[in-house]
Structure formats: structure tokens, C-alpha cells
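To find a chain, count down the sequence lines: A is the first, B the second, and so on, and within it residues start at 1.
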Amino acid sequence: MTTALARRTPSPAAAYTPPPEGLVHRVAGLRRTSPGRLQLILAALLTLGLLTGLIAGLTAHAASSGTAGLGDRAQPLLVKAESVWSALADADTTAAQAFLAGGLEPDTLTQRYDADLAAAGTSLAGAARLVPAGSEAATAIDGLSVGLAKYAALVATARADNRQGLPLGASYLTAASTLNRDTLQPQAQALFRIATDEIDAGYDSAHSSWWLIAMLVLAVALGVALLWAQGYLSRTTHRTFNVPLVAATGLFALLILLTVTVFANQRNHLGEAAREGSEPVATFARLHIAVLTERADEALTLAARGSADREKDFDQTTATIDFGDTRLEPAHEFAVAARQQHDAYLATHDQVRGLSEGGDYDGAVALAVGDQASRQFGELRTTLEGAIDNREAAFTEQIGAAGEWLDLLTLIGPLLALGICALAVFGIRARLEEYR
Amino acid sequence: MTRTRLATIAVTAALLLGAAGCSGDSSPRYDEATAAPTAGQPGAGQSAAPAPTPANCDPRASRRPDGALPAPGQMPAGTLMAEIRKRGRLILGTSQDTLLFSSRNPFTGRIEGFDVDMARLVAQAIFGDPNKLEIKVIAYDQRVNEVLLGKVDLVADTMTATCDRWKDVDFSVIYYEAGQKVLVRKDSTAKSIEDLGKKKICSAAGSTSYDNIGKVKSEPVAVAKPTFGDCLVAFQQNEVDAISTDDTILAGMAAQDPYAMVIGDRFTQEPYGMAINRNHPEFTRFVNAVLVKAAQDGTWTKTYERWLGGTAPKPPVAQYQ
């Protein structure tokens, strides 16, 4: 009402200026009489009450949909992006190892490559459903889909050539690997980065901080108005308490209590979701990619037989791996196990490097694609994948808990505000009627 | 920058030597990490012979072997052969995608071919065992550098002995005579490289096969790829219309692609030699003795027939400085 009045305040320059005897004049005139003042107080209480109810509902709704968006969209996108990226890295590694093994590709490697390609395709399709058309993420996904088909075709040709004993297969494999490492993986990395950014944005939107500030300002104003109105009535009438207004104040306190409780719960669980869920997930995801890169570097260095030394890249990647990262603390056992398994793998890799540098190429290849290295690396992968699943579950749990009661507040907030308004009308109209 | 320098080298070589002889692959001779070798720099107790100057250069003429080959167990002290024997293996620099000369057998994973077998002869002479060989795969444009830096004992990798390269490395006597041709699709109507004007022709970066494409009058478009295997992939993916390099390499490609054929006559001469560090003239002499012996006792002919098929021509005649 106040806003409506303010909007209708006549501007002196306007062509159709209402006469000074208009609404403003009349409203201003109300201040001079007791019933007029009561009417003004009622109007202010109703306005603040209705606005508070509206904003309480909207705040709860924004927070609820922001929280749900985190769980339904941002986090799944991150997991899909990680899955695409690691599947690509693993496919590259597998193809290089199959090449190193010589002869007909070992069954296990063929199956792993097929599984990687299927995982990349499924995750891409899943990711495509999570991003709006035309967005940066959608462009990355389109590029990856096209590139993945080309990659699969190159590897298929390499296999066909290999089966016929044509050395050309090796060149097709190089072309496929170059496409994978130089084009596809950077695109998957970009998608992963976009997903990480969306998670940050998702937390902001779930917090709904601006809505809460608006809500706070209105609640303070309504509280002050309620208390002041009761003070005024107590001074100007014979009754110390206006019972309906006291009841309205009670409802107001209930509204505030409810809002504070629900949002405190939400913020607590959002913090837990970040600490226990999305941060460890993103960190484990990076570690997962890093160890896959190490394994691919090892295989590609051996496959190139000296023409492309990726040992430097291996060392640089190893330097980025830190299982002591504090963000991994919520999954401590996984981090400890992964560190031990990674150390064991690194020891084997050092042996491979030693053999290769000592001129025993066949020995180095046998060790690199042999059972010991495959088992060690497989255990490490299983641990890291298990850690990601484990933390993802923790995230889902916390996000679910964070969203609890928010929908209830969306409904109850406005209802409580309406109750406050009704009681205010009830309480003040009784006083107004004394002037009839 | 390399391109300009390569072009300069190629042009200089062409000016000095005419069309024949010295026009194989033009590897950059040194990069930032490699110092130019100084004449007379002592190496393993020997002083290097001065490099032949381009004016009197015959790229086919190598160092004359001194006397008969020592027995495998008795390499003279202070020589590179003795050092190699002590190390336990001969390090060969080659490629793994030149079918028939040095390529990876997909069934066994081993690198094999005519070039590799020639190097095995050297291992046999040093150790009495042709398998004491470590194969290091090197990029085409690193063949001279690897020898200069001493990372490999010798390079046998369809490498043309050229006067330009003689400035930096020694070459053994010629062990194979090749020449540049062009490979096209079976349905092509072209009769020679001159008929491929405006078409894309692929060759390996750092080879003068690549530079030679630029000299063709009908102006085909030269496309560079890291290796010749990459060229064949591009050819099969229809990214390029043809591939041009030594007929030996093209024969290996045609053998892998029934829809490809080699056309025209050789338009250059590419005599292959093994590149060896110039600080070890004794090793060049030793390798030459091995190669001459192989030519005389029929090993060369057997190896030729094993890898290249048909009836072997007469082995190239050794020429000395």
C-alpha cells in the first residue's frame, strides 16, 4: 500500500496533476485524527505482513530449488565430466598397452577399451541432458561427441591393420592417440572445469543470500511495527494488551524461529556437502585423471621407443599428486590406501624405467604390461573410483538433508504471515469500532 | 626458422651438386642443445679426419677399412667397438614405420627389416651375436642430431648420404641405392609427379623428399607429417592426394594398401649409408669392412631377397675417399 501510494505521488511537472485534495492529501489528513492514525497503523502492518509472507515464501523456494539444482544438475554434471575424461585417458592407455603387448590384443584390454568407450558415450549423453543448448558446456559436449566417433574409427582401423599384420596400424594408433590427448582430453577437461564452476554457482544459488537479506530487513521492520503498534495502543487506550496483536507477535516469533531453524539446517548441510562431498569428489577426480595420465605416459614412452619421451610429463604429473590434501580428509582411509598403492606402482614404474634405460626394452615392456604392474595399478584405480562413489553418496545425503523443510517453509511462511495480518486486522478493527 | 634453413641447405646442396647424388633427407644438423663439432676434436683417443669440403665432396666415398676385421672378441683398445663391447649392446637409431626397411612387426612387436639386418651384421662382427642390438626409434629430423650427440652408435634408417650431412657426420659406404618416386591412388590418371599440379602431396618433415616436392614445376602442394606412416594414414583418410619419397619407402606403403600404386621414374638418386659419429673414424672403417664383406660373401644379396623380394641386383660398389 505504501508503495502504491508512493507510486501515485503526483509529480508537479506532470501534465495531468491531480488536485492537491487527492489521495495523498487525504492520507496525510488521517494523521490528525485518532481513527486515522489507527487506519495508518493497520495499513503499515498489513503491508509489511504481506510482503514478509511473500518474501519468506520466495526465499524458501529459491533456496529449495538452488539446493535441488546442486544435487540434480551441477554435481551429476561434474561426475559425468569426470567419467568422460577418465574414460578417454584410460582408452588411450589401454590402446597403447595393447599395442605394446604385441600380437593379437589381449582380451582383457579389448574389453576395457570397449567399456571405456561405452562409458564415455553414456556419460556424454547424460551430460548433454544436464546443460542448456548453446551453452559453453553444450559446445564442449558436441565437440566431444564428434571427436569420440572419429577416435573410435581410427582405433578400429588400427586394430584391423594390426590383425592383418600391417605396421600401418601403429600409425593409426598414433593418430588416434594424438586426437585423444591433444583434442578430446582438453575438451573433457574444459567440461570438467565448467562443471566445477557450476557447482560453485550452485552453492551460491542454494544459499540464496540476497533473498535472505531482503527477508531479514522485512522481518525487522514487521517486528518493530508490531511492537510499536502495541506500545501506541497501550498508551492511547485503556487496555495494556491488545490480545490479537500479542498473538500476531507470537506468530511472528514462530515465523522467525522456523526460518532461522530451516536455514541454519540448510547452511550446515550445504557446508557439509561441500566439505564431505563435492570438494573430495573433485579432488579425487583430479587424482584419478593424474594417475591415468602417468600410466598412459609410461605406455606411450615405451611404444615410441625413444622417439617421444614422456617421462618428463610423468614426473610433472607425479609432482601434482598429493594424497595428503586436506580436502581428502573425509575419506581418509581411501586416501591412505591410494597413497600406498600409488607408491607401489611408482616403485614398479621406476624398475620399468631402469630396465628401459639399461637397454632391456623387452624386459621393460614385459614388466610394464605384466601382471604385477596391472594388478597394482588396477587396485589404485579401484580405490580411487571407490572413493569418488563414496564421497558422491555423502554429497547426495547432505544435499537431501539441506533441502529438508525448505519446501515446508515455502508453504508455512506465507500462511503464518497471513495469520499475522488477520490478527492485526482483528485487533485494530476492534479499536476502530470504538470511534463509530 | 628451421624451414628457411632447410630450404637454404637444400638449395645450396642442389646448386653445388646438381640434380644427382646429394638430395636425400635434410635433417637439421644441430639444434640449440648440440654444439657444432670442431674439426680435430679428440674423441676416444683418436683425432678426427677433416671433413671433406663440398667442393670436392663425393657423398658415396667413405673411409677405407684398414686391414681385415678383428675377431669378435678382440676389438682394439680405445676404439668405439671396444666401448660398445664393454657396454654389451650396439645402439641403432632407426624408425619403426618404414615397412621392409625398419618397421614394427605387429605380430611379434619386434622392429625388423633390411636396415635393421644391416645393423645386425655390425653387432655380429662386434659380439659374434646379431641380437646384441638395442633399437632406438628416432624422428626423421633427428637422425643427424642423435649421431652428433652420441646417443646412438649408428643410424641405419633409409638415410641418404649427402654432402651436407658429411659436414657433420661420417657415412659408411653405400649399402642401398634408392630414388624418389610418387605414390597415388589406383584410379589416378597421373603418369608422374608433374601431373599432380595443385594436388596435396605428403612427405615427412625434415626430409628433402619434402623439399623436392616444392621444386616440381606444376606446383603441387607439399604437406609435412612427422613420419611416413602418418602420411599413409592421411592418404587413406583422403587428406592428401599422393605421397612422394624414396621408392623403397613407397614400396612398403603400396604393400600395405592395395588401392595405392607407385608411378613414374626415379627423379632423384638416394644412396643410403649408415651415419656414424665423426669422432670415431675407426668405427666407420670397421662398419665399412663389415658391409664390404657382406657384399662379397652373399649376405647382402640374401638380406635383399629376404626383405625386398625378387632377384637382388648387384650390391653397390664401395667407394673410398
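- For B:Asp230, the parts sitting under 4.5 Å from any heavy atom of chain A are the backbone and the side chain alike.
- Contacts of B:Ile135 with chain A are made by both backbone and side-chain atoms, with heavy-atom separations under 4.5 Å.
- Side chains of B:Leu99 and A:Pro167 form a contact here, defined as non-hydrogen atoms less than 4.5 Å apart.
- When all heavy atoms are compared, the tightest approach of B:Pro106 to A:Asn162 is CB-OD1, 3.0 Å.
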For residues 355-365 of chain A, tabulate all N or O donor-acceptor pairs below 3.5 Å that involve a side-chain atom, not counting sequence neighbours.
unit_1   : atom_1 : unit_2   : atom_2 : d
A:Asp360 : OD1    : A:Gly363 : N      : 2.9
A:Tyr361 : OH     : A:Leu302 : O      : 2.8
A:Asp362 : OD2    : B:Arg110 : NH1    : 3.2

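- Interface residues of residues 135-159 of chain A toward chain B, defined by a heavy-atom distance below 4.5 Å and sorted by number: A:Leu154.
- Between A:Arg305 and B:Gln96 the shortest side-chain heavy-atom distance falls below 4.5 Å.
- A:Leu166 CG to B:Leu232 CG: the interatomic distance, rounded to the nearest 0.5 Å, is 9.0 Å.
- Atoms OG and NZ, from A:Ser171 and B:Lys225 in turn, are 11.5 Å apart once rounded to the nearest 0.5 Å.
- Contact annotation: the side chain of A:Arg163 never approaches that of B:Phe107 to less than 4.5 Å [non-hydrogen atoms, C-beta and beyond].
- At a 4.5 Å heavy-atom cutoff, A:Ala176 makes no contact with chain B through either its backbone or its side chain.
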Before giving the answer on side chain to side chain contact (heavy atoms under 4.5 Å, CB included), spell out for B:Met253 and A:Leu168 the whole-Å C-alpha distance, their side-chain angles and the decisive distance to 0.1 Å. CA-CA 8 Å; B:Met253 292 186 188; A:Leu168 180 61; over 6 Å; no
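- No part of A:Ala170 comes within reach of chain B, as not one of its non-hydrogen atoms sits under 4.5 angstrom from that chain.
- If you measure heavy-atom distances from B:Arg104 to chain A, the contacts under 4.5 Å come from both the backbone and the side chain.
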